[in-house]
Amino acid sequence: MQVGKRIFLQRNLPQKELIAAYKKLPSSNVADCMNRTGAMAPRIRLMSHPHEEMCGPAFTVHNRPGDNLTIYAALKYCHEGDVVVIDNENDNTRAVIGEVMMTWLRDQRHVAGVVVDGPIRDIDSLSNWDLPIYAVSTTPDGPYKEGPGEINVPVSCGNVSVNPGDVILGDADGVIKIALEEASELLPIVQDFHEKDEAKAASFHDGSGNIDWLDDELKNKNYEIIDDFYRPEIKNYR
């Protein structure tokens, strides 16, 4: 995708009530209800120590790999509660953001979090922050400031397509994208799934639960249950 020099100021945004509701749900339950899709690649991991989940509308940034001029523009144009999602085109050679820029995002813009598909730096400080920060790695090498880059355009982050205004949810498991146009319809499905999942965990804890379904499932999938030791010289236990 060609990177231009455009900054779009307008986005469609989810309602605040929707963000608040998703913030109470684990990313794993959301992923399960999305047919186990939507999660960003595991290379994007939590680098800080937030006290609560990250959830907010995507403020997208597509920068030239290893360049942060457009990310600086994001400092000016992002809004309180946004999750800044940075597409660094899979580059892993230069940190594109560090403590100075993160301080502005946290203390002046009051963003909900930052997701970087690339390296950051100043991890000795940022690792202790309450602001949710997700990134691929760290390096002391800094970025260029030349551009080009674009803001509030579709981006790819962690192998997931993210549009401006999509709901971005992050916890200790990772980051997931919920498409804005699907978020309202999906919410009650996830809430019901989460309630049942919590009940299942409680039943496994107190012993009232069971896995009686497993025998039939293994049989249907043609598993063999062999009452014997494994011995490599025996090629066929049947």
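Computed from a predicted structure; not experimentally measured.
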Evaluate the side-chain proximity of [Y] to [X]: yes if any heavy-atom separation is below 4.5 Å, no if none is.
X	Y	answer
Val61	Asp87	no
Cys157	Val115	yes
Asp130	His51	yes
Phe204	Asn210	no
Val136	Pro119	no
Cys78	Leu105	yes
Tyr134	Met54	yes
Arg121	Pro140	no

Ignoring hydrogens, what is the shortest heavy-atom contact between [X] and [Y]? Give both atom names and the distance.
X	Y	value
Ala135	Gly118	CB-O, 3.6 Å
Arg64	Asn88	O-OD1, 3.9 Å
Cys55	Val83	C-CG2, 4.2 Å
Leu13	Gly165	CD2-CA, 4.4 Å
Val111	His79	CG1-O, 4.0 Å
Pro14	Pro57	CD-CB, 3.7 Å

[X] side chain to [Y] side chain, donor-acceptor N/O pair below 3.5 angstrom:
X	Y	result
Asp171	Ser27	yes
Asp141	Thr139	no
Thr37	Asn35	no

Roughly how far, to the nearest 0.5 Å, is [atom2] of [Y] from [atom1] of [X]?
X	Y	atom1	atom2	answer
Asp82	Tyr77	CG	OH	14.5 Å
Tyr72	Met101	OH	CE	5.0 Å
Asn29	Lys24	CG	NZ	15.0 Å
Gln191	Tyr22	CD	OH	8.0 Å

Any donor-acceptor pair under 3.5 Å from [X] side chain to [Y] backbone:
X	Y	answer
His110	Arg106	yes
Asp91	Pro65	no
His49	Ser127	yes

Side-chain donor/acceptor pairs under 3.5 Å, residues 176-184, sequence neighbours excluded:
from   : atom 1 : to     : atom 2 : distance (Å)
Lys177 : NZ     : Ser161 : O      : 2.6

Quickly, which of Ile97, Ile133, Leu131 forms a side-chain contact (heavy atoms from CB on, under 4.5 Å) with Leu126? Name it, please.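 Per the side-chain contact (heavy atoms from CB on, under 4.5 Å) rule, the option paired with Leu126 is Ile133, out of Ile97, Ile133, Leu131.
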
Single hit among Leu69, Ile86, Asn68 for side-chain contact (heavy atoms from CB on, under 4.5 Å) with Asn63: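 Checked Leu69, Ile86, Asn68 against Asn63; only one passes side-chain contact (heavy atoms from CB on, under 4.5 Å): Ile86.
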
Verify salt bridge (Lys or Arg N to Asp or Glu O under 4.0 Å) between Arg11 and Asp166, making sure each step is shown before the conclusion. CA-CA 10 Å; Arg11 317 165 266 168; Asp166 283 346; over 6 Å; no

Please check if [X] and [Y] belong to a single hydrophobic cluster, counting links between Ile, Leu, Val, Met, Phe, Trp and Tyr side chain heavy atoms closer than 4.5 Å.
X	Y	result
Ile7	Leu75	yes
Val85	Ile19	no
Met40	Val155	yes

Salt bridge between Arg43 and Asp117, side-chain N to carboxylate O under 4.0 Å?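 Salt bridge present between Arg43 and Asp117.
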
Decide, yes or no, whether a salt bridge links Lys219 with Asp215 under the criterion of side-chain N to carboxylate O below 4.0 Å.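 Between Asp215 and Lys219 there is no salt bridge, as every charged N stays at least 4.0 Å from the carboxylate O atoms.
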
More than 12 foreign heavy atoms under 6.0 Å from [atom1] of [X]: is that the case here?
X	atom1	answer
Asp173	CG	yes
Trp104	CH2	no
Ile211	CD1	no

Among Glu53, Glu17, Glu52, which residue satisfies the salt bridge (Lys or Arg N to Asp or Glu O under 4.0 Å) criterion with Lys23?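 Considering Glu53, Glu17, Glu52, a salt bridge (Lys or Arg N to Asp or Glu O under 4.0 Å) with Lys23 is found only for Glu52.
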
Begin with the C-alpha distance, continue with both residues' side-chain angles, and end with the deciding distance and a verdict on side chain to side chain contact (heavy atoms under 4.5 Å, CB included) for Phe8 and Ile151. CA-CA 6 Å; Phe8 293 94; Ile151 285 178; 6.0 Å; no

